[in-house]
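A short worksheet on the structure shown next.
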Amino acid sequence: MATCGDHGYQLLQSLFTIADGGVAGAGLGRGFLLYANRQPVVPDLQTDFIFAAIANEMGLIGAPA
């Protein structure tokens, strides 16, 4: 498993975030894995991995739209 200092950490965390959203998503503004203890789970979420945030909140159905 990748830790914070390892290569692939950001990719692994983004995959966990997408999987947490599931098919239907958590709902806008209700993404659970996006922030834990006020710290982003996925580093650079707003720029590099914005799809992970959208997929977490809107699900795999709403993310491509």
Side-chain angles (χ1 to χ4, degrees):
M1 176 156 253
T3 60
C4 189
D6 291 340
H7 295 296
Y9 173 76
Q10 187 169 350
L11 178 62
L12 184 64
Q13 291 302 100
S14 69
L15 291 175
F16 285 151
T17 303
I18 292 169
D20 180 61
V23 176
L28 289 176
R30 296 178 186 230
F32 175 71
L33 281 181
L34 298 181
Y35 291 93
N37 298 326
R38 298 183 184 234
Q39 296 294 323
V41 173
V42 180
D44 297 323
L45 184 63
Q46 293 82 3
T47 57
D48 294 342
F49 284 82
I50 190 68
F51 182 79
I54 294 171
N56 183 263
E57 293 184 354
M58 310 239 353
L60 291 177
I61 294 173

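Closest of all the heavy-atom pairs between Ala55 and Ala63 is CA-CB, 3.8 Å.
Atoms CZ and OG1, from Phe51 and Thr17 in turn, are 12.0 Å apart once rounded to the nearest 0.5 Å. With rounding to the nearest 0.5 angstrom, the CG atom of Leu28 is 11.0 Å from the CG atom of Asn56.
Hydrophobic clustering, with ILVMFWY side chains joined whenever heavy atoms are under 4.5 angstrom apart, keeps Ile61 apart from Ile54.
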